[in-house]
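One structure is given here, and the rest of the page talks about it.
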Number of protein chains: 2
Amino acid sequence: MRYTIGLDYGTNSARALVVDCADGREIGTAVVGYASGQQGVLLDPADHHLARQNPGDYLRVLEEATRGALAAAQAAEPGFAPEQVIGIGMDGTGSSPLPVDANNVPLAFAAEFSARLAAQCWLWKDHTAIQEAEAITAIAKQLRPHYLAKIGGIYSSEWFWAKLWHCLKTDPEVFAAAYSWVELADFVPAVLCGVSDPRQIRRGVCMAGHKAMYAEDWGGLPDGEFLAALDPQLAALRERLYDTAYDASVAAGTLCAEWATKLGLPAGIPVAIGEMDVHYGAIGCGVSEGTLVKVIGTSTCDCGVVAADKQPADIPGICGIVKGAILPGFYGIEAGQSAVGDIFKWWVEGVCGGDSALFQSLTTEIAAMRPGQNGLLALDWNNGNRTILVDQRLSGLLLGQTLHTTRAEIYRALIEATAFGARAILERLKEYGVPVERIVCSGGIAEKDPVLMQIYADVTACEMLVSRSAQSCALGAALGAAVVAGAYPGFPEAQAAMTGVKPFSYKPNPAATAVYDKLYALYRQTHDAFGGVTATAALGNVMKDLLAIKQAAQLG
Amino acid sequence: MRYTIGLDYGTNSARALVVDCADGREIGTAVVGYASGQQGVLLDPADHHLARQNPGDYLRVLEEATRGALAAAQAAEPGFAPEQVIGIGMDGTGSSPLPVDANNVPLAFAAEFSARLAAQCWLWKDHTAIQEAEAITAIAKQLRPHYLAKIGGIYSSEWFWAKLWHCLKTDPEVFAAAYSWVELADFVPAVLCGVSDPRQIRRGVCMAGHKAMYAEDWGGLPDGEFLAALDPQLAALRERLYDTAYDASVAAGTLCAEWATKLGLPAGIPVAIGEMDVHYGAIGCGVSEGTLVKVIGTSTCDCGVVAADKQPADIPGICGIVKGAILPGFYGIEAGQSAVGDIFKWWVEGVCGGDSALFQSLTTEIAAMRPGQNGLLALDWNNGNRTILVDQRLSGLLLGQTLHTTRAEIYRALIEATAFGARAILERLKEYGVPVERIVCSGGIAEKDPVLMQIYADVTACEMLVSRSAQSCALGAALGAAVVAGAYPGFPEAQAAMTGVKPFSYKPNPAATAVYDKLYALYRQTHDAFGGVTATAALGNVMKDLLAIKQAAQLG
């Protein structure tokens, strides 16, 4: 009997999962919240863009969650013993870089920096670096347009270089004191392996490629001349980062004695390369060529892969085609919607002032509505559009309201809008030759909202499968560990044994799809007009067509 | 000392007002609700389009409200005696026709019809006749396009012929039993005058022209051939309606002995012609050439006049240019917004689930916001667009939402949308040569919502005056009575003495107007695109421009 452990570092807490390598059974788990700040996030009342995390929390939860999961596994399965654990893997949010000293110790651990926000981990959703991101985009457009081609044309304030540059500008002392910077998903594996030189950390290509403009094609990280055009100190830092980034086929290293003792695990077992949470999540859902994984939560991430021997074309509006990201031997393709669950939360809690009880009653109400019956059309852009327009400066839209429109009808329209956004992504992928024969969903919404899932199936005319595991990210990390530990020759074999889908699925209802085809045409018409896709648009039909669809729906 | 009484028949209650003819002072008033149905409206749970009223209520409130107002006047002014009342005037909602027998007795008073909804008064907001209205529009387009030119191109389900035709189709017994049909605003004056033959009722040209397609130009009501194309029974009915309609320069008749006794007033005093509520309201606000009156309530009605010797051109999108309507000697021009207060009520009560306390707190919040700061743009079409698009099949739109948008910000956007709609009407009137040098507002919102009124001033760059009287409609009816009673040679003299504005007004703030000019450009761009005014539109700028305006507003 052999087991691996998968660690999933989320925004507010971390989970450890003990997995049976034979079949993917999850025999023990534990979740531990980060103790610092507000639900684990350090905030600045003067700047709502700021979101940091205390690196000390990462180490404490590493120990507590792992030991908790091991104890749970022992309780659930008396035959289980920690000695049977053959590997450990980890995923985390990103881009969440933290500054470290020359010994790979977080600057935040030094007394003089412990209270400095710039010395903490810069959480993925920290948006303090908006200006720097815009400047990076502008300078890259001038000097290195090919850097932008792979990321959809716009560098984000959530990403590595923008955050480091903002630190340099706003807290130069911290920047100067930092020997190097490490992504959370590279930092935890490095700690487990006892790596004490930042230059020796094996960095994952997920973060490097998707967030730090790393690509083999141009020799790794952005070149020094380009970085010097931002700031010479960034060019100087480049030498203290890394030359090569790795896919998940190689291990980050092996578990060091110190952490083996802390965790109660055998020393020397392999530690998998860290990946972005959704990437290991995609693996845990069984991603493969032809199988698209949708992680549906506060936002949505769509992950697909194309074999490395058939390099995909740049796909307009798809920000993220990175060789080796997600599955080794494939190009990892990432798309997504900037807000999904967040839009529903905004509506139900923020605007309607409700809570989970209101969510429940609205869900009951909308379940009884027929497609088109609400007479509404929305654009799902309350947090901008990531795919297919790559434009953070777009905003939400709702039309079709009458004096009788209810909050439930609007709620359904917002769900439908996110489903239309999902369909736009699917159509774009297919249009550029990415095969999508199967869709596996994961995430809190996929698990808990059958009404939404049926709407997604009806709107996309695709069956929506749901990952067997409710912890796909942690499962994927455990699976990565199983591969580097040699339990399987490669990922496809490990996925065949360890992942799967739930026995039920959401199948499209052709009558509903027929209505949604009409509504999707109106969505695209409005989407293209406000998204600037079409230079001119005729929109005089939109409200009338909606009314006709509504009247037809009311007749049944 | 001479006094007149103005009666104002609203949707839920009627008001009587005793007015001093010398200066318009309101010395006594009483409001009496209609007893039947729900707040005076008979509803049908099976058809939410239906809204009827019990004609018996009209007679009961006539007596109670008048006697109540007289008692209040006596209490307030000891020198006052009912013998000093020299005339009585009345206005009512419209089009609100009711079927009567050959003696001008409502069919609803007959035992066999008392419980029949079709035999009651068909309240203005009854929308059961949607199909008939569409058919009238279609047939008129074929046979009598000039009928449509004066009403903006579309016959409404709220209007006279649509309602009568619907009665004929759905309750032919009632239709057959009806000798004639009378508008509420013609019925009450006829009762006061003791007119017992419907053909002898002096009908007002307001209702006739605006609701029944009456015009001198084509010999009165629609011709028999046209009506026969709808249904031969409507053509037959034409002979039992009227040939001539009157403006307010002539009296409907004189107070009969029976009603003089019931009301405690001198018999034989003149009774003014009935007008639509907002038309007498416009008179009570001091409407004249150059002075536009805006009655701002659940919806908005804009009333202007142009001297009868300079016939105005047909103004595209202005549904209602009727000679003699509003002020005798002028063309009455009516425009309006299909929903104003109703949109706010929909948002605050319907969607947010709040009450008057929420209205109050949202008003406090939005008062602190700068123009443009909400980053939102809305179209005020939740109940269609009356002016300038004349299209009931348009619907609401809101754009610019982020995940942080609040219900208060949306509330302000909805107010701003109605202000933009008001500006579109003003610009259209001016463009076609209707002089607007002065705007006097009236209605519940004008009285009670200074935040909204300031936004209207800022958006339109026009000073917003408020009518001195909070009961402009009843005051206008009393003024009409004063004129036909001979207290003044004509309306201008009566208006000069009896109407006025409040000492304060809302003056546009040039800095706010500068921001609203930009937002109005975006409103018109979106308005024209969705309204079908422009065959093609480029809209890619809208959300970005809104964001720029918002960012500028946040900087102050």
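Quick note on labels: first sequence line is chain A, next is B, and so on, each numbered from 1.
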Taking the six-membered ring for Trp, are A:Tyr520 and A:Tyr523 parallel (under 30°), tilted (30 to 60°) or perpendicular (over 60°)? parallel
Parallel, tilted or perpendicular: ring planes of B:Phe420 versus B:Tyr516, cut at 30 and 60 degrees: perpendicular
Does B:Thr300 use its side chain to pair, donor to acceptor, with the backbone of B:Ile296 at less than 3.5 Å? no
Please state whether the side chain, the backbone, both or neither of A:Asp391 comes within less than 4.5 Å of a heavy atom of chain B. side chain
Applying a strict 4.5 Å limit to non-hydrogen atoms, the region of A:Thr526 in contact with chain B is side chain
Does anything in residues 347-357 of chain A form a side-chain hydrogen bond (donor to acceptor under 3.5 Å, both in side chains)? List the pairs, not counting sequence neighbours. A:Lys345-A:Glu349
Specify which of A:Gly532, A:Ala538, A:Gly354 makes the most heavy-atom pairs with chain B at under 4.5 Å. A:Ala538
With a 4.5 Å limit on heavy-atom distance, are the side chains of A:Thr128 and A:Asp47 in contact? yes
Side chains of A:Leu546 and A:Leu519: closer than 4.5 Å at any heavy-atom pair? yes
Just so I understand: if I count every heavy-atom pair under 4.5 Å between each of A:Thr405, A:Val542, A:Thr534 and chain B, which residue has the most? A:Thr405
Residues from residues 409-419 of chain B approaching chain A under 4.5 Å (heavy atoms): B:Ile410
Is the closest basic N to carboxylate O distance between A:Arg52 and A:Asp126 below 4.0 Å? yes
Around A:Lys544, counting heavy atoms of other residues, nucleotides and ligands shown, do more than 12 lie under 6.0 Å from its NZ? yes
Counting heavy-atom pairs under 4.5 Å with chain A, the top scorer among B:Leu394, B:Leu398, B:Asp342 is B:Leu398
Should B:Thr402 and A:Trp346 count as side-chain neighbours, where that means a heavy-atom distance under 4.5 Å? no
Contacts with chain A made by residues 376-387 of chain B (heavy-atom distance under 4.5 Å), listed by residue number: B:Leu379, B:Trp381, B:Asn382, B:Asn383
Answer whether the closest heavy-atom distance between the side chains of A:Ser395 and B:Gln401 falls below 4.5 Å. no
Just give me the residue among B:Gly400, B:Gly353, B:Gly531, B:Ala408 that pairs up with chain A most often, heavy atom to heavy atom, under 4.5 Å. B:Gly400
Look only at the side chain of A:Gln373 and the backbone of A:Arg370, and say whether a donor-acceptor pair between them is shorter than 3.5 Å. yes
A:His127 and side-chain hydrogen bond (donor to acceptor under 3.5 Å, both in side chains): which partner among A:His49, A:Glu158, A:Gln392? A:Glu158
Under the side chain to side chain contact (heavy atoms under 4.5 Å, CB included) test, which residues partner A:Thr11, sequence neighbours left out? A:Val41, A:Thr93, A:Leu123, A:Trp124, A:Lys125
For A:Val351, is it the side chain, the backbone, both, or neither that has a heavy atom closer than 4.5 Å to a heavy atom of chain B? both
Give a yes-or-no answer on whether the side chains of A:Gln337 and A:Asp302 include a donor-acceptor pair shorter than 3.5 Å. no
Can you tell which part of A:Ile343 gets under 4.5 Å to a heavy atom of chain B, answering side chain, backbone, both or neither? both
Need one label for B:Leu547: side chain, backbone, both or neither, based on atoms under 4.5 Å from any heavy atom in chain A. side chain
Less than 4.5 Å to any heavy atom of chain B: does that hold for the side chain of A:Ala529, its backbone, both, or neither? both
Where A:Arg524 and A:Ala424 come nearest, the two heavy atoms and their spacing: NH1-CB, 4.1 Å
Among A:Gly375, A:Gly540, A:Gly396, A:Cys352, the residue with the most heavy-atom pairs under 4.5 Å to chain B is A:Gly396
